[in-house]
Amino acid sequence: MNKEKGCVLAIFGATGDLTHKKLLPALYFLELEKQLDEGFTIVAVARRPRTTEEFRKEAAASIQKFSKYKPREDILSRLLQRIHYHQLEFNQQQDYTNLRKRISELTTRRCRQIFYLAVPPEHFEGIVQNMEAAKLADKGNKDVRIVFEKPFGNNLRSAQELNKTIRKVFDESQIYRIDHYLAKELVQSLLVLRFGNSIFEPLWNNKYIEHVQITVAESIGIEGRAGYYEKAGALKDIVQNHIMQLLSLVAMQAPKKLTADDIRDEKVKVLQKLSIRNIAQDGVKGQYGNGKEAVAYREEKNVPPDSKTDTYFALKVFVNNATWNSVPFYIRTGKRLKERATEIILVYKPSIIRLFPEVQDGEKLNRLTVRVQPDEGISLTFNTKVPGNKILIEPVTMDFCHECTFGPKSAEAYERLLYDIIQGDQTLFTRWDEVELSWKLVDRIAAAFKDKAPAMYPAGSWGPKEADMLIERDGRKWVVPEKPRYAQMQVNHEGH
Ligand code: BG6
């Protein structure tokens with residue numbers, strides 16, 4: 001980082017959950033790793049009355065509670081010294097003028113300014129307009145950056161309106177739209193896996209790949225967020241952003257260079273060609289009912305007893321280009337599923353040499369699994385001969401365990417995101433055209449399923465039967481996420 005320039009990070013929504021659970025612990029690690037320069041100042045902006053001292057105490061408690069490792073006192077106190085609290089009503093123009101004064105008092109010279117909106121999306125437009133009126137925004141100046149947490153809009157129209165307002169005040173080059181899945185270590189390593197390995201790159205297309213599965217399974221429920229979730233549901237909460245991003249990284253062509261725009265140009269080309277053939281048949285909307293250890297969604301606090309909101313969605317989609325024509329991408333996500341697991345699975349076509357008829361389909365097809373979380377790693381499943389006189393064939397799995405090789409210290413998503421924002425690297429942030437294209441498709445799906453009753457599944461299961469049928473109709477099966485062998489071994493070691 002340029003030591004001359006220092007930097008201001010103003011976090012709107014500083015008393016909220018995201019700041020305390022993610023942003024402050026991430027800032028602590030940036031401090032630990034000496035990534036924050038001397039002049040780096042954090043202005044915690046929120047509506048509640050607090051003194052800086054009070055806020056620092058709360059921040060310390062959150063960092064202690066939510067950090068991966070026990071924080072070091074010296075590092076923690078260095079970070080806390082950087083933090084200043086500023087009370088602001090989101091709709092009070094004068095408060096923004098005061099914020100500008102406060103920032104100039106806290107920083108001795110002109111420096112990069114980052115405004116991080118960790119607030120509910122209904123405040124985005126108002127904040128941006130007030131920032132402009134108070135001359136906090138500086139259109140076209142890449143050293144003034146604005147960060148938006150998701151969701152970016154609730155449908156295509158609201159996203160377009162929001163974007164229009166923002167673009168009056170900021171250029172695209174100043175805007176950082178968060179999709180924290182892009183900063184997960186194994187998602188970032190997709191490009192290397194694909195384009196840095198001659199054993200994979202030539203096989204990454206419809207000549208060799210039979211189908212692709214992307215699963216984002218969560219074991220948690222809605223965690224008290226009924227207000228938000230009732231308006232979103234699984235389709236808008238996870239498919240529109242995280243899954244669309246995973247899919248575009250899997251299906252994109254090699255970018256010309258590793259620049260933010262070259263990479264995003266290629267992802268956009270995928271989204272332009274993404275289609276669902278028969279919405280009614282190729283989608284399943286689900287909702288969890290009572291399970292052994294959890295209550296039904298409709299019994300969660302503040303959820304209406306007749307809610308039709310999707311807590312699960314499965315889809316079959318296609319990328320209609322020469323590389324992927326005819327390869328179905330089966331995608332699914334859900335809350336209160338059996339386990340937390342995010343996996344990308346490529347299932348390969350059978351060999352054209354048909355010497356072994358038993359390896360032509362089902363579980364004996366070769367598979368490449370990218371395990372995004374937990375127990376990050378990559379596994380290759382292929383067939384081998386079982387020892388003995390006869391030729392018996394069994395699939396075996398070769399694993400790369402990320403943590404076993406690189407240790408447990410890979411950066412948390414928010415650490416990486418904050419680092420990149422400070423550096424001014426937009427690669428891991430979604431550009432407007434990506435957001436717009438994914439909303440276009442999601443809007444069509446949402447409209448088709450709006451009044452449809454959800455298919456029910458017991459909390460703690462792998463989702464509704466209808467989702468199994470979606471893929472089984474095509475003679476395929478969902479690959480059930482399993483704890484990789486290396487993770488099972490770790491558990492055993494720890495158990496002894
Ligand atoms: C968020 C969603 O974007 O991602 C949440 O709003 C979800 O509903 C979360 O729980 C999952 O993120 P992660 O990193 O825990 O997989």
Side-chain angles (χ1 to χ4, degrees), residues 13 16-23 25-26 66-68 116-122 124 147-155 159 176-188 190 214-247 249 286-288 294 297 300-303 307 309-313 331-344 370-377 402 410-418 428-430 434-435 438-439 442 446 459 463 481:
D17 252 20
L18 182 79
T19 304
H20 284 265
K21 288 189 179 153
K22 300 284 184 193
L23 301 182
F66 296 113
S67 289
K68 283 178 289 188
Y116 195 124
L117 306 197
V119 299
E122 56 270 26
F124 287 169
V147 186
F148 295 96
E149 261 303 327
K150 68 174 277 261
F152 198 86
N154 183 254
N155 52 30
Y176 293 72
R177 296 182 196 83
I178 299 262
D179 185 316
H180 75 285
Y181 267 56
L182 288 177
K184 291 188 187 275
E185 192 59 44
L186 266 280
V187 176
Q188 288 179 62
L190 273 173
I214 301 179
T215 294
V216 177
E218 295 191 88
S219 52
I220 54 170
I222 53 161
E223 312 264 277
R225 294 194 302 159
Y228 158 73
Y229 206 81
E230 268 295 287
K231 282 191 237 126
L235 179 68
K236 295 182 178 184
D237 187 43
I238 302 279
V239 178
Q240 187 272 335
N241 36 77
H242 306 325
I243 291 191
M244 292 284 185
Q245 286 296 323
L246 296 181
L247 193 151
L249 285 168
Q287 189 189 83
Y288 60 85
Y297 176 70
E300 301 265 12
K301 196 166 163 229
N302 296 331
V303 172
S307 168
T309 302
D310 44 309
T311 62
Y312 179 99
F313 230 98
I331 60 188
R332 60 176 171 166
T333 183
K335 296 240 181 238
R336 287 263 188 252
L337 294 184
K338 192 156 185 200
E339 267 164 42
R340 173 172 184 251
T342 296
E343 291 188 343
I344 298 165
V370 178
R371 174 99 173 172
V372 174
Q373 64 183 19
D375 314 310
E376 290 84 341
H402 191 272
S410 69
E412 290 277 339
Y414 276 91
E415 202 178 319
R416 177 64 201 263
L417 292 170
L418 281 168
L428 302 184
F429 301 85
T430 47
E434 299 178 78
V435 178
S438 62
W439 270 127
V442 163

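In each ligand, atom 1 is the first atom listed, and ligand 1 is the first ligand listed. Computed over heavy atoms, backbone and side chain alike; hydrogens, waters and symmetry mates excluded.
Using a 4.0 Å cut-off between charged side-chain N and carboxylate O, Glu415 and Lys68 make a salt bridge. We find that Asp310 and Lys236 are not joined by a salt bridge, their nearest charged nitrogen and carboxylate oxygen being 4.0 Å or further apart.
Contact annotation: for Glu223 versus ligand 1, there are no heavy atoms closer than 4.0 Å.
Shown in contact with His242 at under 4.0 Å from a heavy atom are these atoms of ligand 1, numbered in order with element: 1 (C), 3 (O), 4 (O). Taking every heavy atom of Lys150 and a limit of under 4.0 angstrom, the matching atoms of ligand 1 come to 1 (C), 2 (C), 3 (O), 6 (O). Near Gln373, meaning under 4.0 Å from one of its heavy atoms, ligand 1 places the atoms 13 (P), 16 (O). Near Lys335, meaning under 4.0 Å from any of its heavy atoms, are these atoms of ligand 1: 5 (C), 7 (C), 8 (O), 10 (O).
No donor-acceptor contact under 3.5 angstrom links the side chains of Asn241 and Tyr181, judged on distance only. Defined by atom type and a distance below 3.5 Å, a donor-acceptor pair is present between the side-chain atoms of Ser307 and Glu230. Using modelled atom types and a 3.5 Å distance limit, the side chains of Thr215 and Glu343 yield no donor-acceptor pair.
The aromatic rings of His180 and His242 sit perpendicular, their planes meeting at an angle over 60°, well past the 30° parallel limit.
When hydrogens are left out, the protein atom nearest atom 15 (O) of ligand 1 is Arg340 NH2, 3.7 Å; that is the closest non-hydrogen contact. Among all non-hydrogen protein atoms, the one lying nearest atom 12 (O) of ligand 1 is His180 NE2, 3.1 Å. Residue, atom and distance of the protein heavy atom nearest to atom 11 (C) of ligand 1 are Glu218 OE1, 3.5 Å. Among protein heavy atoms, atom 14 (O) of ligand 1 sits closest to Lys184 NZ, 2.6 Å. If you check which protein heavy atom lies closest to atom 16 (O) of ligand 1, you get Tyr181 OH, 2.4 Å. Annotation: atom 6 (O) of ligand 1 to nearest protein heavy atom, Asp237 OD1, 2.6 Å. Arg225 NH2, 2.4 Å is the protein heavy atom nearest to atom 8 (O) of ligand 1.
A donor-acceptor pair is defined here as one N or O able to donate and one able to accept, closer than 3.5 Å; no such pair exists between the side chain of Ser67 and the backbone of Pro25.
In this structure, the separation between CG on Leu247 and CD1 on Ile214 is 4.5 Å, given to the nearest 0.5 Å.
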